[in-house]
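Structure first, commentary second.
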Amino acid sequence: MIKTEFLRKSIMLAIASAYLKGDKSFSLLIIAKPESGKTYSLMEFIENDGIIIASDMTYAGIVEMLPSFKEGRLRTILVPDLLKMFGKG
């Protein structure tokens, strides 16, 4: 596996941005070759409060999560594999 320190720091900053006052949070899309540590790096953060991992998501599922986001219990959605989510993988 390629060194993932920069990737892990980038993920940490994206997650931390959800806790900034106002609308200052940002999204992070990670694009890299297979076996480069993307999913592994994301999985390091799934135990943190305010984070949900989504390997499959529907409109109804997003609507169901909205109250948790409004209350501040959820702040970040991690999607380890977009291909699985869109049914192309």
Side-chain angles (χ1 to χ4, degrees):
M1 188 178 324
I2 299 172
K3 293 181 183 178
T4 59
E5 188 61 29
F6 178 78
L7 177 57
R8 289 186 8 249
K9 284 184 180 180
S10 299
I11 294 168
M12 281 191 281
L13 288 172
I15 291 170
S17 77
Y19 294 88
L20 296 175
K21 289 184 179 182
D23 294 327
K24 306 276 190 217
S25 64
F26 63 90
S27 299
L28 176 67
L29 177 63
I30 303 165
I31 300 171
K33 293 179 180 181
E35 304 298 323
S36 60
K38 301 178 300 290
T39 301
Y40 178 79
S41 295
L42 283 175
M43 295 308 218
E44 291 183 35
F45 298 95
I46 62 172
E47 296 296 322
N48 295 359
D49 291 338
I51 295 176
I52 187 168
I53 191 95
S55 57
D56 192 18
M57 191 180 306
T58 63
Y59 172 79
I62 293 170
V63 169
E64 190 176 299
M65 285 189 281
L66 286 178
S68 295
F69 277 97
K70 287 181 181 178
E71 295 166 6
R73 289 185 289 131
L74 283 179
R75 294 182 180 249
T76 303
I77 301 173
L78 297 179
V79 181
D81 191 344
L82 287 175
L83 290 178
K84 288 181 186 175
M85 186 172 290
F86 294 122
K88 298 179 183 176

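All heavy atoms count here, side chains included; hydrogens, waters and symmetry mates do not.
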Subject >> Over all atoms of both residues, closest heavy-atom pair of T4 and S41 >> reply: CB-OG, 3.7 Å
Subject >> Worked check of side chain to side chain contact (heavy atoms under 4.5 Å, CB included) between I30 and I11 >> reply: CA-CA 9 Å; I30 303 165; I11 294 168; 3.9 Å; yes
Original post:
In Å, rounded to the nearest 0.5 Å, how long is the span from CZ of F6 to NZ of K9?
Top reply: 9.5 Å
**OP:** Heavy atoms only: give me the nearest I15-I51 pair and the separation to one decimal.
**Re:** CD1-CD1, 3.7 Å
Original post:
Say you draw a straight line from CG of L78 to CD of E44; how long is it, rounded to the nearest 0.5 Å?
Top reply: 11.5 Å
**OP:** Please check if Y19 and L74 belong to a single hydrophobic cluster, counting links between Ile, Leu, Val, Met, Phe, Trp and Tyr side chain heavy atoms closer than 4.5 Å.
**Re:** no
Original post:
Does one hydrophobic cluster hold both F69 and F45, with members joined at side-chain heavy-atom distances below 4.5 Å?
Top reply: no
Original post:
So which heavy atom on T39 is nearest to which on P80, and how close?
Top reply: OG1-O, 3.5 Å
Original post:
F26 and S17: which non-hydrogen atoms are nearest, and at how many Å?
Top reply: N-OG, 3.1 Å
**OP:** Look at the side-chain heavy atoms of Ile, Leu, Val, Met, Phe, Trp and Tyr, link any pair under 4.5 Å apart, and say whether V79 and L29 land in one connected group.
**Re:** yes
**OP:** Heavy atoms only: give me the nearest L7-G37 pair and the separation to one decimal.
**Re:** CD2-O, 3.7 Å
Original post:
Should we count CD of E64 as having more than 12 external heavy atoms under 6.0 Å?
Top reply: no
**OP:** Give the minimum heavy-atom separation between K33 and K38, together with the two atoms involved.
**Re:** O-NZ, 3.0 Å
**OP:** Could you state whether M57 and L28 fall into the same hydrophobic cluster, counting links through intermediate Ile, Leu, Val, Met, Phe, Trp or Tyr residues with side-chain heavy atoms under 4.5 angstrom apart?
**Re:** no
Subject >> Full working for salt bridge (Lys or Arg N to Asp or Glu O under 4.0 Å) between E5 and K3 >> reply: CA-CA 6 Å; E5 188 61 29; K3 293 181 183 178; over 6 Å; no
**OP:** Indicate, with yes or no, if I77 and L42 share a hydrophobic cluster defined by side-chain heavy-atom contacts under 4.5 Å among Ile, Leu, Val, Met, Phe, Trp and Tyr.
**Re:** no
